[in-house]
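Data first, discussion second: the structure below is written as structure tokens.
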Amino acid sequence: MPSTSSTHHAMKTRATSLLGIEHPIIQAGMSWASSCAALPAAVSNAGGLGMLAAGPMRVADFSQALDQLRRMTTMPYAVNLPLYRPEAAAMLDILYAERVPVIFASQGGPAKHLDRFHAIGTKWIHVVSTVEHARKAVAAGVDGLVIVGAEAGGHPPANQVGTLVIVRKIAREFDIPIIAGGGAADGYGIAALLALGADAVQLGTRFLMTEEAAVHPNYKHAALRAEIDGTTLVGRKGLPVRMIHNDFARHMETVDAGPFDQQAYAAEFSKSTLKQAALEGNVDWGKVEVGQSAGLVDTILPAAEVMRTLVAELEHAWARLYAMHGGAEHRQAADIVS
């Protein structure tokens with residue numbers, strides 16, 4: 001395991017320059033887990049990009065959390081907002097009034113919002129999981145893309161194309177800052193995705209298992225117990241989610257095999273919620289949304305310590321690759337980092 005005590009150097013990519021951050025590491029917007037100030041503030045203060053998740057929040061609570069976040073960090077931060085939400089317009093007005101530096105938007109078109117936010121210097125990053133949606137977002141004029149692969153928790157692509165493939169495809173097709181999401185939980189995964197052409201990497205599951213993540217302890221420990229094959233796609237006939245294979249997941253497997261029409265299927269899928277798991281701690285029936293990378297995580301730590309470890313692992317991964325390429329001089333560099 002590489003040391004986390006040495007001095008680390010900032011890594012320059014298109015994403016770090018665009019976002020004003022030291023390290024190409026982004027904490028994903030996770031409903032409930034980062035619908036608070038503590039987690040994004042800790043990540044931003046450690047040189048990454050912390051993200052407040054507006055998704056499940058009431059407008060007043062969101063405004064309060066945003067104010068708190070601004071008091072807790074002077075570093076760049078982001079807000080994740082699903083555009084389909086009924087409250088999205090009110091939240092966008094708050095983001096505009098507060099001159100939020102970075103918006104990560106999903107589940108809706110960005111075109112009608114970009115001029116207003118670009119006029120005040122806000123960077124708009126759009127979250128996509130298919131080439132088709134990436135093309136639409138780039139054509140609209142977004143500043144960057146988050147590309148989510150099948151390994152990711154929450155809503156991965158329904159086509160189940162993995163991160164390794166979709167990130168490389170997008171990097172080949174578009175000259176725009178790319179943030180990869182899905183499958184990475186340590187610095188070695190980050191290095192791999194940067195080598196593919198990503199400019200930064202978004203991690204959700206690793207930051208879910210931090211002390212600051214605002215979810216029930218049962219949720220964190222269920223994620224901690226999960227192996228790499230401990231998640232499954234649930235609701236495959238609708239908008240599937242990747243979650244832990246629990247009682248509700250088994251229920252939906254039965255539903256998937258039955259003759260339900262779309263309305264009845266949606267009703268069965270809605271019998272479980274993320275809130276049940278995240279806030280109430282019901283991890284047998286609630287939607288415990290985590291990625292396959294849960295099987296790579298075996299500790300619940302402060303977010304700042306996670307950041308230090310990720311950066312140390314990333315530097316070790318790069319040094320190892322340089323050593324393979326460059327002979328004795330680079331092998332010495334690898335030994336120093338390790």
Side-chain angles (χ1 to χ4, degrees), residues 25-46 48-73 75-82 85 87-88 91 94-95 98 100 102-104 106 127 152-155 181 185 202-226 231 241-244 246 272-291 293-294 297 299-307 309-310:
I25 300 171
I26 294 168
Q27 165 247 310
M30 297 172 285
S31 290
W32 308 112
S34 69
S35 300
C36 63
L39 178 55
V43 173
S44 289
N45 286 335
L49 185 73
M51 198 177 323
L52 177 66
M57 302 181 78
R58 293 175 295 206
V59 173
D61 294 336
F62 168 67
S63 183
Q64 183 178 10
L66 185 58
D67 287 343
Q68 186 179 7
L69 176 57
R70 292 165 68 95
R71 291 193 301 270
M72 292 177 70
T73 186
M75 306 300 286
Y77 61 89
V79 171
N80 171 248
L81 179 62
R85 288 204 60 205
E87 301 88 347
M91 289 181 169
I94 293 171
L95 297 178
E98 296 292 340
V100 167
V102 186
I103 293 172
F104 277 58
S106 59
V127 183
H155 293 288
Q202 174 176 284
L203 294 89
T205 300
R206 172 62 273 196
F207 285 113
L208 172 74
M209 284 182 266
T210 57
E211 293 179 2
E212 293 87 347
V215 294
H216 197 284
N218 290 358
Y219 194 114
K220 296 181 188 182
H221 287 288
L224 202 61
R225 292 191 301 269
T231 68
V241 298
R242 180 171 296 286
M243 57 173 282
I244 284 175
N246 62 7
S272 171
T273 66
L274 173 62
K275 183 179 180 180
Q276 284 175 284
L279 293 191
E280 300 167 14
N282 184 347
V283 296
D284 295 321
W285 188 257
K287 291 187 173 108
V288 186
E289 299 181 11
V290 297
S293 65
V297 182
T299 53
I300 296 172
L301 298 170
E305 187 172 343
V306 170
M307 279 294 300
T309 301
L310 291 173

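- The shortest distance between side-chain heavy atoms of S34 and Q27 falls below 4.5 Å.
- Taken from OH in Y219 to CG in L274, the straight-line distance is 5.0 Å, to the nearest 0.5 Å.
- Between L52 and V100 there is no side-chain heavy-atom pair separated by less than 4.5 Å.
- Contact record, C36 with A214: SG-CB, 3.8 Å, taken as the closest heavy-atom pair.
- With S272 contributing its side chain and W285 its backbone, the two residues share a donor-acceptor pair below 3.5 Å.
- Listed here is the closest heavy atom pair of A303 and T210: CA-CG2, 4.0 Å.
- Side-chain atoms of T205 do not come within 3.5 Å of backbone N or O of A294 as any donor-acceptor pair.
- If you take CG on N282 and CG on N218, they are separated by 8.5 Å, rounding to the nearest 0.5 Å.
- The existence of a salt bridge linking R85 and E87 is confirmed by a sub-4.0 Å separation between a basic side-chain nitrogen and an acidic carboxylate oxygen.
- No donor-acceptor pair under 3.5 Å is formed between the side chain of D61 and the backbone N or O of S35.
- L95 contributes atom CG, which lies 4.5 Å from atom CD1 of I103 (distance to the nearest 0.5 angstrom).
- Remark: the backbone N or O of T273 is paired with a side-chain donor or acceptor of Q276 at under 3.5 angstrom.
- Considering all non-hydrogen atoms of both residues, V79 and A54 come closest at CG1-CB, 4.2 Å.
- At least one side-chain heavy atom of Y77 sits less than 4.5 Å from a side-chain heavy atom of R70.
- How far NZ of K287 is from CZ of R242: 15.5 Å, rounded to the nearest 0.5 Å.
- Side-chain atoms of S44 come within 3.5 Å of backbone N or O of G50 as a donor-acceptor pair.
- Of all heavy-atom pairs between A185 and L310, the closest is O-CD2, 3.8 Å.
- The shortest side-chain heavy-atom distance between D67 and E98 falls under the 4.5 Å cut-off.
- Looking at L208 and V215, their side chains come closer than 4.5 Å, going by heavy atoms from C-beta outward.
- Between M51 and P40, the shortest heavy-atom contact is N-CB, 3.3 Å.
- Nearest heavy atoms, V288 versus A222: CG1-CB, 4.3 Å.
- Checked by atom type and distance alone, the side chain of K220 pairs as donor or acceptor with a backbone atom of A213 at under 3.5 Å.
- Within 6.0 Å of atom CD in Q64, 12 or fewer heavy atoms from other residues, nucleotides or ligands are found, so the atom counts as exposed in its surroundings.
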Criterion side-chain contact (heavy atoms from CB on, under 4.5 Å) on I300 and H221, from CA distance to verdict: CA-CA 9 Å; I300 296 172; H221 287 288; 3.9 Å; yes
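- Between the side chain of R206 and the backbone N or O of M209, at least one donor-acceptor pair lies under 3.5 Å.
- Annotation: the span from L301 atom CG to E212 atom CD amounts to 9.5 Å, rounded to 0.5 Å.
- A donor-acceptor distance shorter than 3.5 angstrom exists from the side chain of N80 to the backbone of F104, with no hydrogens or angles considered.
- With values rounded to the nearest 0.5 angstrom, S31 atom OG is found 7.5 Å from E289 atom CD.
- Formation of a donor-acceptor pair under 3.5 Å by the N246 side chain with backbone atoms of V283 is found in this model.
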